[in-house]
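Only one structure is covered here, and it is reproduced in the block below.
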Amino acid sequence: MLTQEDKEKVIQRYTNRYIEHGKCPKTLGWDKGKQDLRYHILFEKFDLENKSILDIGCGFGDANILLKNKFHNYEYTGIDIVPDLIKEAKEEYSNQNNINFILEDFLAHDFGDKKFDIVVGSGIFNFKLADRDNYEYINSILEKAFHLSKEGISFDFLSNKVDFEYELTFHSDPKIILDKAYNLSNNLILNNSYMPFEFAISVFKDISFEKKDTIFTRYKNENDYYRFY
């Protein structure tokens, strides 16, 4: 989990932004209007109709803007450590029985026997930690998220394949993240096709295939290509 120092820094960072900007993407650090695109990328390889979603570092629960436009029925749980963000999220979706929020550190929270079809997180790995190795922290999140998921996980990252890096931000090496993902499953996608300085990784639980063609069952079920052969 986050150390107390890092936790306090994260809470203070977003609390200060909330005081300055209120309920808007700028509070979350998204100042270029691409928040919806990031969630689209995280969700695009999953059919979320009648599925459950856990959103780590959920902020205001804005993933629901996209989800409500695309799916009729789903169950959403958002978890975040920043009180002001969770307070706003609970007020925004207070009349939505399928949308719930938890105020706690994801790694510290005991989910019991609860599982989610999909576990995602957007922007949660973007800051340098003071008291913990960033890659070790990322690995801990990925492992717990994958354990809690039934179908798979999706996360986005700032890339280190850039001309510059801000002093306080953490830019992940896609090769290192890919190696960590392969420790979970060999059915995965690393997507660097939507923004030049960010990438996302989706890791799937279903690794089944038939020996006659050695093509993942999940891929065959999702693609019409095989109707013609």
Side-chain angles (χ1 to χ4, degrees), residues 1-3 6-7 9-10 13-14 17 24-46 53-60 62-63 65-66 78-82 85 105-107 118-146 149 151-205 219:
M1 68 187 74
L2 289 172
T3 64
D6 281 319
K7 184 176 180 179
K9 283 184 176 180
V10 170
R13 179 185 300 120
Y14 286 101
R17 288 178 178 174
C24 80
K26 284 188 177 182
T27 294
L28 307 176
W30 305 132
D31 59 354
K32 295 182 180 178
K34 295 184 283 192
Q35 185 181 30
D36 288 346
L37 173 58
R38 292 181 177 93
Y39 274 119
H40 168 73
I41 294 297
L42 297 184
F43 291 143
E44 69 174 344
K45 295 301 180 182
F46 299 96
I53 302 110
L54 175 64
D55 184 8
I56 304 169
C58 64
F60 298 123
D62 289 337
I65 298 171
L66 184 148
I79 185 167
D80 205 299
I81 62 172
V82 185
L85 306 187
D105 184 333
F106 167 71
L107 289 176
I118 311 299
V119 181
V120 303
S122 181
I124 65 173
F125 302 130
N126 291 358
F127 294 101
K128 289 180 182 177
L129 301 178
D131 291 337
R132 188 171 184 184
D133 178 76
N134 276 80
Y135 284 119
E136 193 267 330
Y137 175 69
I138 289 169
N139 195 59
S140 296
I141 295 280
L142 296 182
E143 287 184 344
K144 182 171 181 177
F146 197 69
S149 72
E151 295 188 17
I153 62 176
S154 281
F155 292 87
D156 60 25
F157 303 82
L158 294 179
S159 174
N160 72 342
K161 309 303 181 186
V162 295
D163 297 330
F164 67 92
E165 296 183 13
Y166 292 115
E167 181 180 354
L168 298 178
T169 54
F170 183 75
H171 294 252
S172 296
D173 186 332
K175 293 180 290 184
I176 293 176
I177 300 303
L178 191 60
D179 282 342
K180 293 183 181 300
Y182 269 120
N183 289 330
L184 303 174
S185 172
N186 64 343
N187 189 352
L188 54 85
I189 296 170
L190 191 149
N191 187 349
N192 201 165
S193 67
Y194 61 103
M195 292 188 199
F197 309 128
E198 300 183 24
F199 67 94
I201 195 157
S202 298
V203 188
F204 309 109
K205 284 239 169 167
Y219 183 84

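This is a predicted model, so every value here is computed, not measured. For the numbers below, each heavy atom of this structure counts, side chains included, while hydrogens, waters and symmetry mates do not.
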Is it true that a side-chain atom of Lys128 and a backbone atom of Glu167 form a donor plus acceptor pair closer than 3.5 Å? yes
Minimum-distance pair of heavy atoms, taken over all atoms of Lys180 and Tyr135: CE-O, 3.6 Å
Under the side-chain hydrogen bond (donor to acceptor under 3.5 Å, both in side chains) rule, collect the residues that match up with Ser172, sequence neighbours excluded. none
Side chains of Glu136 and Asn139: does their closest heavy-atom pair fall under 4.5 Å? no
All heavy atoms of Asn134 vs all of Leu129, minimum pair found to be OD1-N, 3.1 Å
Can you tell me which residue pairs pass the side chain to side chain donor-acceptor pair (under 3.5 Å) test with a partner in residues 188-201, sequence neighbours excluded? Arg38-Glu198, Asn191-Ser193
What is the minimum heavy-atom distance between Asp80 and Gly57, and which atoms define it? OD2-C, 3.2 Å
From Phe157 CZ over to Ile177 CD1, what is the distance, rounded to the nearest 0.5 angstrom? 4.5 Å
The side-chain contact (heavy atoms from CB on, under 4.5 Å) partners of Phe204 (sequence neighbours excluded) come to Lys45, Phe46, Asn187, Ile189, Ser202, Arg218
Looking only at heavy atoms, which two atoms of Ile118 and Val120 are closest? And how far apart? CG2-CG1, 3.7 Å
Taking atom CG of Asp105 and atom CD1 of Ile56, what is their separation to the nearest 0.5 Å? 10.0 Å
About how many Å separate CG of Asp131 and NZ of Lys7, when rounded to the nearest 0.5 Å? 14.0 Å
Run the side-chain contact (heavy atoms from CB on, under 4.5 Å) test on Phe127 and Lys9 for me, step by step, so that the C-alpha distance in whole Å, both residues' side-chain angles and the decisive distance to 0.1 Å come before the verdict. CA-CA 10 Å; Phe127 294 101; Lys9 283 184 176 180; over 6 Å; no
Quick one: list whatever passes side-chain contact (heavy atoms from CB on, under 4.5 Å) with Asn186, sequence neighbours left out. Tyr182, Ile207, Phe216
Drop me the distance from Asn126's CG to Leu158's CG, to the nearest 0.5 angstrom. 3.5 Å
Compare all side-chain heavy atoms of Ile41 with those of Asp156 and state whether any distance is below 4.5 angstrom. no
Between atom CD1 of Ile81 and atom CZ of Phe106, what is the distance when rounded to the nearest 0.5 Å? 13.0 Å
Taking all non-hydrogen atoms of both residues into account, name the closest pair between Val203 and Ala181 and its distance. CG2-CB, 3.8 Å
For Asp62, side-chain contact (heavy atoms from CB on, under 4.5 Å) partners two or more places apart: Lys23, Leu28, Gln35, Phe60, Ile65
So, taking the atom named CD1 in Ile138 and the one named CD1 in Ile176, what distance separates them when rounded to the nearest 0.5 Å? 9.0 Å
Under 30°, 30 to 60°, or over 60°: which ring-plane class applies to Phe125 and Phe155, parallel, tilted or perpendicular? tilted
Just by distance, with hydrogens left out, do Tyr39 and Asp55 show a side-chain donor and acceptor under 3.5 Å apart? yes
Please report the C-alpha distance between Arg132 and Leu2 in whole Å, then the side-chain angles of each, then the deciding distance to 0.1 Å, and finally whether the side-chain contact (heavy atoms from CB on, under 4.5 Å) criterion is met. CA-CA 8 Å; Arg132 188 171 184 184; Leu2 289 172; over 6 Å; no
To check you understand the geometry: which heavy-atom pair defines the closest contact between Ala200 and Leu42, and what is its length? CB-CD2, 4.2 Å
For Lys161, what residues pass the side-chain contact (heavy atoms from CB on, under 4.5 Å) criterion, not counting sequence neighbours? Ser159, Asp173, Pro174, Lys175
